[in-house]
Amino acid sequence: MSMKKILALVVLSLFVASSYAQELSFENLHFYGEGSFNGFIYENSTLNTSEIYNVSGTGMYLTIGLRLDIYEDIIASFALGYTNMWGDGSEWSGRPLNGNRGLIDLFKIVEANMLFNNLFDVDGLSFKIGRQYYGDEDSTVVYIGIRRNQPLYIVIGAADVPGTIGAISSIDAAAAYYDKDNIKANLIYGIMENRGADGNRTLIGGDFKYLNIAEILDLQGYLYNFENYVSAQDHYTILGVKPTVKIKGLKASLEVAKNFGGEESLSNETFNTNFIKADASYVIENLKLTPRVSLGVFGGENKPFITIGNCSAGLIVSRVLINGNYSDNRIINTGVDYEFKKFVFSFDIFSYDSRDGEDLKNNVKFGTEFDLTAKCAYAENIDFYFGIGHLFGADFSKFKNGGKDSFDSSTLQAGITYKFN
């Protein structure tokens, strides 16, 4: 059965299952959703374009869904997603996104699935089929879902992949999950995009987590293979491991991953590089402070490490990295969080360079970025956000400026996020 037929079956089941559900009432129905509005100003915006310009606007996303408890451990979900942007000084002015697309064209089905909990009476085992989100939101490698902490300015353009509208992505898939005691594991096979004569763009793989080993260690391993992802008829594979140590207020992790690419899985024909990412933080409870440090090295020798994860480095340069094309990058981040009543203030310094320290054409030193952000938990399920950032440009901005003097970039952002369930 094709994935399109499966998706249609799930949608149909959502509406007809109520006829067979036992003692159906409004208690079986649950409305849920979330959204955000984010205003932004970028000065000297050029990091992902060939021109230097200023741009400002407002981006937003919205999801609204219905969850139906059909029978005991069987749940059906259906949700629509919507993303839009208004701005000046760019192709978004007046919102004629991608030509003649109208308002209704920006709505897409982002969830349409059936979830079976305690499958075969196995406690902790579940199975989900249909259009769905997948992965951990903090994953560097694989996350398909709502990118809540990403600048909508850049992700808004990904509107032509099925299930993807800007800040929201989903996948037509069958996924199995196991979550009990100290073990979490999941497997997935899904279609990310139908590429016509070139075949489907598919994802297959999973990850395994063993948590709280001796109460101080988490261990994660993962393996994912993408077919037709980078180019037609090619395989692209990521294999990685991530141990995390937790001792009182200290949390430290080291993630190491290797990629492969070619006509066969695990071949080194077109891709053969790696990434290493180390993170550490320490909670000082009496001062409400959490200092943090992070080091990431990706790719090498101008070879990319491509991911679909949710790693964002800074308010400005993150626009280069957000789509997951880490090509010969070294990113160092030091920061601190401070909690005060309903507020969390964060200060971050990012240093960007090429991994090997070489002045490669498109991967020379970006510069140093300073960011200050504040979040306020205004009410239950409502948060306010404010951010200001400045990038002291280096060789990369000089390259973008046609070899002339380097220049700085800056941004100012403010927004609100909300949920309802």
Side-chain angles (χ1 to χ4, degrees), residues 1-21 24 26-35 60-84 101-119 125-137 142-148 155 158-177 186-196 200-206 308 310 419-421:
M1 182 181 292
S2 69
M3 191 59 68
K4 287 186 177 179
K5 291 182 179 178
I6 293 174
L7 182 60
L9 179 62
V10 170
V11 175
L12 180 62
S13 299
L14 180 63
F15 292 103
V16 303
S18 59
S19 301
Y20 302 96
L24 180 67
F26 284 107
E27 294 181 356
N28 297 79
L29 299 174
H30 307 277
F31 288 95
Y32 66 96
E34 62 178 272
M60 62 85 68
Y61 75 84
L62 168 68
T63 67
I64 182 168
L66 174 66
R67 185 174 294 115
L68 172 63
D69 298 330
I70 296 177
Y71 180 75
E72 293 182 352
D73 292 324
I74 304 176
I75 303 171
S77 298
F78 179 85
L80 295 174
Y82 174 77
T83 309
N84 209 336
R101 302 181 65 174
L103 180 66
I104 195 66
D105 296 319
L106 297 176
F107 279 94
K108 287 192 177 181
I109 297 173
V110 294
E111 282 194 285
N113 58 70
M114 299 281 286
L115 173 64
F116 301 85
N117 288 319
N118 299 317
L119 190 65
L125 179 64
S126 61
F127 179 76
K128 182 182 288 188
I129 186 168
R131 183 160 293 181
Q132 58 190 277
Y133 304 139
Y134 177 82
D136 296 330
E137 192 167 0
V142 173
Y143 174 68
I144 301 171
I146 302 174
R147 299 180 182 273
R148 299 175 178 86
V155 299
D160 293 321
V161 178
T164 302
I165 49 172
I168 312 168
S169 61
S170 50
I171 185 171
D172 298 332
Y177 300 87
N186 43 275
L187 298 171
I188 186 172
Y189 172 77
I191 297 175
M192 303 173 64
E193 179 185 6
N194 188 327
R195 305 184 72 175
N200 292 327
R201 176 180 285 181
T202 63
L203 167 65
I204 184 170
I308 57 170
N310 198 34
K419 293 184 179 181
F420 51 91
N421 49 37

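A pairwise comparison of heavy atoms in Ile144 and Ser170 identifies CG2-CA, 3.4 Å as the closest pair. Summarising the geometry of Ile171 relative to Ile191, their closest heavy-atom pair is CG1-O, 3.5 Å, with the distance given to 0.1 Å. Residue Glu137 comes nearest to Ile146 through the heavy atom pair OE2-O, 3.7 Å, listed as atom of the first residue, atom of the second, then distance. Tyr32 and Ser77 make their closest contact through OH-CB, 3.8 Å (heavy atoms, listed as atom of the first residue, atom of the second, distance). The nearest pair of heavy atoms linking Val110 to Leu80 is CG2-C, 3.8 Å. Taking each heavy atom of Tyr134 and Gly206 in turn, the nearest pair found is OH-CA, 3.9 Å.
The CZ atom of Arg67 lies 13.0 Å from the CG atom of Asn28; values are rounded to the nearest 0.5 Å. Taken to the nearest 0.5 Å, the CZ atom of Phe116 stands 10.5 Å off from the CD1 atom of Ile75. How far CG of Leu203 is from OH of Tyr189: 9.5 Å, rounded to the nearest 0.5 Å. In this structure, Asp136 CG and Asn186 CG are separated by 7.5 Å, a value rounded to the nearest 0.5 Å. Distance check: Ile64 CD1 to Phe420 CZ gives 4.5 Å after rounding to the nearest 0.5 Å. One finds the CZ atom of Phe127 at 10.0 Å from the CG atom of Leu115 (value rounded to the nearest 0.5 Å).
The side-chain heavy atoms of Thr63 and Glu111, taken from C-beta on, include no pair separated by under 4.5 Å. Annotation: side chain of Arg131 is not in contact with side chain of Asn113 (no heavy-atom distance under 4.5 Å). For the pair Glu34/Tyr61, a side-chain contact is recorded, criterion being any heavy-atom separation below 4.5 Å from C-beta on. With a 4.5 Å cut-off on side-chain heavy atoms, Asn310 and Arg147 count as touching. With a 4.5 Å cut-off on side-chain heavy atoms, Thr202 and Ile204 do not count as touching.
In terms of modelled atom types and a separation under 3.5 Å, the side chain of Ser169 and the main chain of Gly145 share a donor-acceptor contact.
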